[in-house]
Engineer: 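Here it is: the structure, laid out below.
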Amino acid sequence: MKQQAIPYKIYLDEAEMPKAWYNLRADMKNKPAPLLNPGTLQPMTAQELSGVFCDELVQQELDNDTPYFEIPEEIRSFYKMYRPSPLVRAYCLEEKLQTPAKIYYKFEGNNTSGSHKLNSAIAQAYYAKKQGLKGVTTETGAGQWGTALSMACAYLGLDCKVYMVKCSYEQKPFRREVMRTYGASVTPSPSMETEVGRKILAEHPGTTGSLGCAISEAVEKAVTSEGYRYVLGSVLNQVLLHQSVIGLETKAALDKYGVVPDIIIGCAGGGSNLGGLIAPFMGEKLRGERDYRIIAVEPASCPSFTRGKYAYDFCDTGMVCPLAKMYTLGSGFIPAPNHAGGLRYHGMSSILSQLYADGLMEARSVKQTDVFAAAEMFARVEGILPAPESSHAIRAAIDEALKCKETGEEKTIVFGLTGTGYFDMYAYEAYHDGTMQNYIPTDEEIQATLDKLPKVE
Ligand SMILES: *Cc1c(COP(=O)(O)O)cnc(C)c1O
């Protein structure tokens, strides 16, 4: 075992926790492209957005200039129930890999939702409550976001209506019951409850659903129900803003020991954990103060950054949401059913998309059997059973550490361990039984959904 000059876990004191979220957009020279009204193709106004989102969240969504937003006291005290989250030095993983690299991970799985999503769920629920709303609607795929939102709504006494992608609803009954424990109502999507759900079912009978479909249903429900707004757990600028708490804590913990990372790695679904983790580091990079290598890791079966197109697209399948400019596979893209690792969204945060287009970060895709091999190795040496999503980042961190072993470089690698995988044991089972397959979409398949991109300009 290496000499432990740095503690195994670096915790911050309560007093050292961030008091404001950091808005990375304020330091971006090329701002992320605005959301467009799908009818007029003009930027969405605050008034248009306020039919869907709470007022204060609309302000956060549209604000490209204010660098810091104070975290309201109520949210900070909720954060104290499960934050600060530990920054762990992965001594055991380093030893296992026999690498000179120094590996750290920021662990966000220490709450009942089992992921980082609670950081934004409590913020979004808080502003809904403050506005005097009755409740919120949302979609959930694997279930972490729905669970996080249910927890936040239960805490604040808000009604919570969740459309859960049908295949997850059936495969993950325990997640569903956790949400119901926190008082949410959970409907498998597509459903007969909404017009868009009925339309999708008529066109694709027997579909197992997708995040894009569930978003359409949740938005329709919100805009047609008095006193309700829609909330989204990733992709949006406001979500990345809230998730900056991850990066701010990480940076504070590293600064405490004078550690400067060389490489920062995160898995990327819609981009919220990665956007949050890298925020203060990318800020330094944008201001020319320091340089870091930043790597987004996505599944080979849903490769938005690495094989998608940077274009305006719908955020949902039903095409009811505004258009966002992002790396996208097309809103009709649905990853193969055997894809078990989450990160299934067809698009990517507009902020990260712009940073990637500007060459400020890298992206790579990994196959799911390689992801689960990394997950298993990590579980055995570090003790934590990682979420499949998080394991994409573990894979890339291990690969980078192995490169250091070849070159002898003592790089410092930080990655985001976004959550735990206790509800993903069917996927682990398939991996252990050797039945897990890697499905990589063909160029033709991706082109077919890209051909349906809306015509903008
Ligand atoms: C939702 C989720 C992700 C992916 O979402 P991002 O918005 O890309 O961060 C990653 N890990 C876990 C555990 C999640 O629940």
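Atoms within a ligand are numbered from 1 in the order they appear, just like the ligands themselves.
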Engineer: Does R89 qualify as a cation-pi partner of Y8, given the criterion of NZ or CZ under 6.0 Å from the six-membered ring centre and within 45 degrees of its axis?
Structural biologist: no
Engineer: Answer yes or no: is there a side-chain heavy-atom contact under 4.5 Å between L360 and M28?
Structural biologist: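 When only atoms from C-beta onward are counted, M28 and L360 do not touch, as no gap falls below 4.5 Å.
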Engineer: Which salt bridge (charged side-chain N to carboxylate O under 4.0 Å, His left out) pairs, counting each pair once, include a residue from residues 386-396, with sequence neighbours left out?
Structural biologist: R395-D399
Engineer: Under the ring-ring contact (aromatic ring centres under 6.0 Å, His included) test, which residues partner Y68, sequence neighbours left out?
Structural biologist: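 Once residues adjacent in sequence are excluded, the partners of Y68 under the ring-ring contact (aromatic ring centres under 6.0 Å, His included) criterion are Y22.
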Engineer: Distance under 4.0 Å, heavy atoms only, partner ligand 1: which residues pass?
Structural biologist: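 Lining ligand 1 at under 4.0 Å, by heavy atoms, one finds S115, H116, K117, Q144, S234, C267, A268, G269, G270, G271, S272, N273, L343, A387, E389, T418, G419.
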Engineer: If you take all heavy atoms of S301 and H339, which pair is closest and at what distance?
Structural biologist: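 It is OG-ND1, 2.8 Å.
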Engineer: List in chain and number order the residues that pass side chain to side chain donor-acceptor pair (under 3.5 Å) with Y228, two or more places apart in sequence or in another chain; answer none if no residue qualifies.
Structural biologist: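 Scan of Y228 (side chain to side chain donor-acceptor pair (under 3.5 Å), adjacent residues dropped) gives D159.
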